[in-house]
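Working notes, beginning with the structure itself.
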2 protein chains.
Amino acid sequence: MVNTKLRKQIDEKQVKIFKALADPIRLEIIEYLKHTDHEIACGEVGKAVNISKTSGSYHFKLLESAGLINTRWEAREKYVTLNESTFDKYVTDFYQNI
Amino acid sequence: MVNTKLRKQIDEKQVKIFKALADPIRLEIIEYLKHTDHEIACGEVGKAVNISKTSGSYHFKLLESAGLINTRWEAREKYVTLNESTFDKYVTDFYQNI
DNA sequence: TTAATAGTTCAAAAATATTTGAACTATTTT
DNA sequence: AAAATAGTTCAAATATTTTTGAACTATTAA
């Protein structure tokens, strides 16, 4: 059990995560990344799910800001992977924890 | 593994559920219902989370349409409970199943 | 050193979601 | 029968999210 202020912060984070998951493009990206199962460049994912680079930039930023993906720059490319621990804590364990 | 058309339907349902969860009022309602742990009238929940009846009507309808709550009318009141099986299938098991 | 490539940023436009209050239905209480 | 209660519906207003294209930065390749 947590206090009210912390509860509220947790909820804001929780809402942010569900918002990030509440979009068909982002779900496609997430599914693609899960099945890929290794680091992959944003551009390659974007091609796979058929979105413009601008749209990709928007969606990857949002996913990263929610903590659902990790990113790493190398040369011209930004590589992404899923952040499984966020899925575990905020999705898989959501119902149990509220 | 499922075919493309079914995959798409599942995704639509999945998006709808995450959208329903992606709102602070609805998360409060859900948390309240989980802790209440028995049938309770919409109005009582609405008072507890401090929303207008119009707003309550909107949010309960959305939660029901996503399959996250069950409802039952009795006399003037509409009673709600969480639909745990939807949480299990679409939230708890989400990451594993994609 | 110029081209091409990978991605970002910006602001405007378009699309979606939420809130609000007034008027409504159905049921129960007085 | 009238008043009160519980909830719905509607349309307008507001707020938030997403898409778009043009211009940009940084890096690599020719």
Side-chain angles (χ1 to χ4, degrees), chain A residues 8 11-33 36 38-82, chain B residues 8 11-33 36 38-82:
Chain A
K8 204 180 163 188
D11 268 18
E12 274 164 19
K13 171 111 200 187
Q14 187 67 67
V15 168
K16 192 170 187 181
I17 284 163
F18 283 139
K19 273 182 200 276
L21 293 168
D23 177 89
I25 290 179
R26 291 192 295 271
L27 278 193
E28 256 196 284
I29 291 172
I30 288 165
E31 288 171 26
Y32 188 81
L33 291 175
T36 297
H38 59 73
E39 237 189 11
I40 182 171
C42 286
E44 196 176 340
V45 182
K47 269 169 200 154
V49 307
N50 208 48
I51 53 176
S52 69
K53 59 186 184 158
T54 311
S55 169
S57 183
Y58 171 74
H59 290 294
F60 284 114
K61 192 164 79 175
L62 201 147
L63 287 169
E64 185 178 16
S65 145
L68 290 167
I69 59 172
N70 296 124
T71 65
R72 179 179 72 85
W73 275 97
E74 183 176 321
R76 291 191 288 207
E77 289 170 304
K78 190 169 146 183
Y79 289 90
V80 292
T81 50
L82 291 182
Chain B
K8 204 181 164 188
D11 267 19
E12 273 163 20
K13 171 111 200 184
Q14 188 67 66
V15 168
K16 192 171 188 181
I17 284 162
F18 283 139
K19 273 185 200 280
L21 293 168
D23 177 87
I25 290 180
R26 292 191 294 272
L27 279 193
E28 256 196 284
I29 291 172
I30 288 165
E31 288 170 25
Y32 187 81
L33 291 175
T36 296
H38 59 73
E39 236 188 14
I40 181 171
C42 287
E44 196 177 338
V45 182
K47 269 168 200 155
V49 308
N50 207 48
I51 54 177
S52 70
K53 61 189 183 158
T54 312
S55 169
S57 184
Y58 172 73
H59 290 294
F60 285 112
K61 191 164 82 177
L62 200 147
L63 287 169
E64 185 177 16
S65 144
L68 290 168
I69 59 173
N70 296 124
T71 65
R72 179 179 73 84
W73 276 96
E74 184 176 321
R76 289 192 289 207
E77 289 171 304
K78 190 170 147 182
Y79 288 90
V80 292
T81 50
L82 291 182

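Remember, predicted model here, so these are calculated numbers, not experimental data. Each chain gets a letter, A, B and so on, in the order the sequences are listed, and its residues count up from 1.
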Tell me the interatomic distance from A/L21, atom CG, to D/dT17, atom P, rounded to whole angstroms.
14 Å

Rounded to whole angstroms, how far apart are CZ on B/R72 and P on C/dT27?
15 Å

Which pairs, protein N/O on one side and nucleotides 5-7 of chain C N/O on the other, fall under 3.5 Å?
unit_1 : atom_1 : unit_2 : atom_2 : d
C/dT5  : O4'    : A/R76  : NH1    : 3.4
C/dT5  : O2     : A/R76  : NH1    : 3.1
C/dG7  : OP1    : A/C42  : N      : 3.3
C/dG7  : OP1    : A/G43  : N      : 3.3
C/dG7  : OP1    : A/K78  : N      : 3.4
C/dG7  : OP2    : A/G43  : N      : 2.8
C/dG7  : N7     : A/K53  : NZ     : 3.2
C/dG7  : O6     : A/K53  : NZ     : 2.7

Within the 4.0 Å limit for protein heavy atoms, which parts of nucleotides 14-22 of chain C are touched? Write it as a string from 5' to 3', B for base, S for sugar-phosphate only, - for none.
---SBBBBB

dist A/K19:NZ -> A/E12:CD (nearest 0.5 Å) comes out at 11.0 Å

With a 4.5 Å heavy-atom cut-off, do A/K78 and A/E64 have their side chains touching?
yes

A/K61 NZ - D/dT17 C1' separation (whole Å):
13 Å

Should A/I51 and A/E28 count as side-chain neighbours, where that means a heavy-atom distance under 4.5 Å?
no

What I'd like to find out is whether the side chain of B/D11 reaches to under 4.5 Å of the side chain of A/E31, using heavy atoms alone.
yes

Would you check if A/Y58 and A/R26 make a side-chain contact, meaning some heavy-atom pair closer than 4.5 Å?
yes

Suppose we define a pair by two distances each less than 3.5 Å, Watson-Crick or G-U wobble; what does C/dA15 pair with here?
D/dT16

Quick one: are A/T71 and A/F60 in side-chain contact, heavy atoms under 4.5 Å?
no

Spacing of NE2 belonging to A/H59 relative to SG belonging to A/C42, to within rounding of 0.5 Å:
12.5 Å

Any B/V80 side-chain heavy atom under 4.5 Å of B/I40 side chain:
yes

Now, which nucleotide makes the Watson-Crick or G-U wobble pair with D/dT28, with each of the two distances under 3.5 Å?
none

